[in-house]
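A short worksheet on the structure shown next.
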Amino acid sequence: MGWGYRKSIKVGPFRIDLSPRGVGHGFGNRRFHVSRTPDGRKYVTVNLPGGFHVGKAIGRSSRRHHHYHY
């Protein structure tokens with residue numbers, strides 16, 4: 001099991017996350033949140049009743065495909 005450190009600073013609906021990997025940021029409320037990680041990935045998270053949540057990466061694909069032509 002790994003561990004890490006993250007410090008969050010909240011200013012109204014905005015949040016700044018400080019971690020060893022860099023600075024991330026996001027905005028939203030308890031039900032809906034949009035965020036960007038320190039490496040530039042974007043996420044949308046929806047929190048549902050009962051403790052469930054659904055998250056999805058948006059924007060560029062996190063996987064890069066290489067096509068080689070011979």
Side-chain angles (χ1 to χ4, degrees):
M1 177 177 10
W3 64 277
Y5 174 79
R6 183 182 82 184
K7 173 69 178 168
S8 292
I9 302 167
K10 248 187 129 172
V11 180
F14 300 98
R15 185 176 75 198
I16 298 171
D17 296 318
L18 307 170
S19 74
R21 291 184 171 194
V23 178
H25 59 276
F27 69 93
N29 56 31
R30 291 182 137 185
R31 294 283 180 207
F32 179 79
H33 190 82
V34 178
S35 59
R36 182 176 294 236
T37 63
D39 61 3
R41 292 178 291 165
K42 295 181 226 171
Y43 287 94
V44 173
T45 305
V46 177
N47 294 311
L48 305 170
F52 295 101
H53 67 273
V54 178
K56 176 144 177 73
I58 58 174
R60 288 185 292 165
S61 173
S62 59
R63 296 182 184 167
R64 294 190 178 169
H65 300 284
H66 297 283
H67 299 282
Y68 296 100
H69 300 282
Y70 297 99

Would you give me the side-chain donor-acceptor pairs under 3.5 Å for residues 20-32, sequence neighbours excluded?
residue : atom : partner : partner atom : Å
N29     : OD1  : R31     : N            : 2.9
N29     : OD1  : F32     : N            : 2.9
R31     : NH1  : N47     : O            : 3.4

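- Legend: residues meeting side chain to side chain donor-acceptor pair (under 3.5 Å) with T37, ordered by chain and number and at least two apart, are D39.
- Residues satisfying the salt bridge (Lys or Arg N to Asp or Glu O under 4.0 Å) criterion with R15, sequence neighbours excluded, are D17.
- Under the side chain to side chain contact (heavy atoms under 4.5 Å, CB included) criterion, K7 pairs with Y5, L18, sequence neighbours left out.
- Residues V46 and Y43 do not share a hydrophobic cluster, clusters being chains of Ile/Leu/Val/Met/Phe/Trp/Tyr side chains in contact below 4.5 Å.
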Criterion side chain to side chain contact (heavy atoms under 4.5 Å, CB included) on L48 and V54, from CA distance to verdict: CA-CA 8 Å; L48 305 170; V54 178; 3.9 Å; yes
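- Linking Ile, Leu, Val, Met, Phe, Trp and Tyr whenever their side-chain heavy atoms come within less than 4.5 Å leaves V34 and V11 in two separate clusters.
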